[in-house]
Amino acid sequence: SNSVKQTGQITVSEGASVTMNCTYTSTGYPTLFWYVEYPSKPLQLLQRETMENSKNFGGGNIKDKNSPIVKYSVQVSDSAVYYCLLCISNFGNEKLTFGTGTRLTIIP
Amino acid sequence: NAGVMQNPRHLVRRRGQEARLRCSPMKGHSHVYWYRQLPEEGLKFMVYLQKENIIDESGMPKERFSAEFPKEGPSILRIQQVVRGDSAAYFCASSPNRAYSGYEQYFGPGTRLTVT
């Protein structure tokens, strides 16, 4: 079965860099999306990683079943919940699985 | 280009009543997905539909829940005889092609269902 794990909460000061991890288990061909949820706003796409466009984000990538997102010089306005979504294409086992989200809080 | 529309945004139902949640996908999108977010939890996949077809309902509770996406009009998620445990945020998303193949989903603002 597929599972997606994310760090629950991260608190950092304004101006810092932060890495939010997304690790997964699955069989099949993966695509990983990162979405951000600001209060009272729909989920917005931040990043899409496939096996073809895989990069080394913050020391990890989709091929290693770890697709982090890195934010540099964060601002208070970056405070939000960040979700990782795993899409698996595999005959008989196509799945859409969200992580539980990382709540990022930026302190002024 | 209007985004994914959901209505109502807030819905209050008493136990035993029916809840109908509507989702209008983005223009040109024929693939619709419903997700549920229980309090303090992440989003959980419920059902994937294309026009007039249910493609994957593996995340739908076996009883009381149904979904449709007719040829004309919005997609409807129906919950019959609601119970307190159905209180949650229900999100709809649409995509131009199968999300399983890596196509981006566009999300609506959600419907907050409260069962009293």
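Sequence lines set the chain letters: A, B, ... in the order given, protein chains first and strands last, and positions in each chain run from 1.
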Is the shortest side-chain heavy-atom distance between [X] and [Y] below 4.5 Å?
X	Y	result
A:Leu43	B:Phe91	no
A:Tyr35	B:Glu104	yes
A:Cys87	B:Arg98	no

Joint cluster assignment, [X] & [Y], ILVMFWY side-chain distance < 4.5 Å:
X	Y	result
B:Leu11	B:Leu38	no
A:Ile107	A:Val18	no
B:Val83	B:Met46	no
B:Phe65	B:Phe69	yes

(request) Identify which part of A:Gln6 has an atom lying under 4.5 Å from any heavy atom of chain B, answering side chain, backbone, both or neither. (result)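 Answer is neither: A:Gln6 stays 4.5 Å or more from chain B.
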(request) Could you tell me which portion of A:Leu85 (side chain, backbone, both or neither) has an atom closer than 4.5 angstrom to a non-hydrogen atom of chain B? (result)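 Contact with chain B involves the side chain of A:Leu85 alone.
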Do other residues, nucleotides or ligands put more than 12 heavy atoms under 6.0 Å from [X] [atom1]?
X	atom1	value
B:Tyr103	OH	no
A:Lys5	NZ	no
B:Met5	CE	no
A:Arg103	CZ	no

(request) Quick one: closest heavy-atom pair of A:Leu96 and B:Tyr35, and the distance? (result)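 Looking at all heavy atoms of both residues, the closest pair is CD1-OH, 3.4 Å.
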(request) Check A:Pro42 against B:Phe107 and note the closest heavy-atom contact, atom names and distance. (result)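 Distance-wise, the nearest heavy atoms are CB-O, 3.5 Å.
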(message) Heavy-atom pairs under 4.5 Å with chain B: which of A:Thr31, A:Leu45, A:Thr100 has the most?
(response)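 Of the options given, most contacts go to A:Leu45.
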(request) Under 4.5 Å heavy-atom distance to chain A, tell me which part of B:Gln105 shows up: side chain, backbone, both or neither. (result)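 Contact with chain A involves both backbone and side-chain atoms of B:Gln105.
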(request) Below 4.5 Å from any heavy atom of chain A, which atoms of B:Tyr33 appear? Answer side chain, backbone, both or neither. (result)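 Contact with chain A is through the side chain of B:Tyr33 alone.
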(message) Out of B:Gly59, B:Gly110, B:Ser58, B:Gly42, return the one with the most heavy atom pairs under 4.5 angstrom to chain A.
(response)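 Of the candidates given, the most pairs with chain A belong to B:Gly42.
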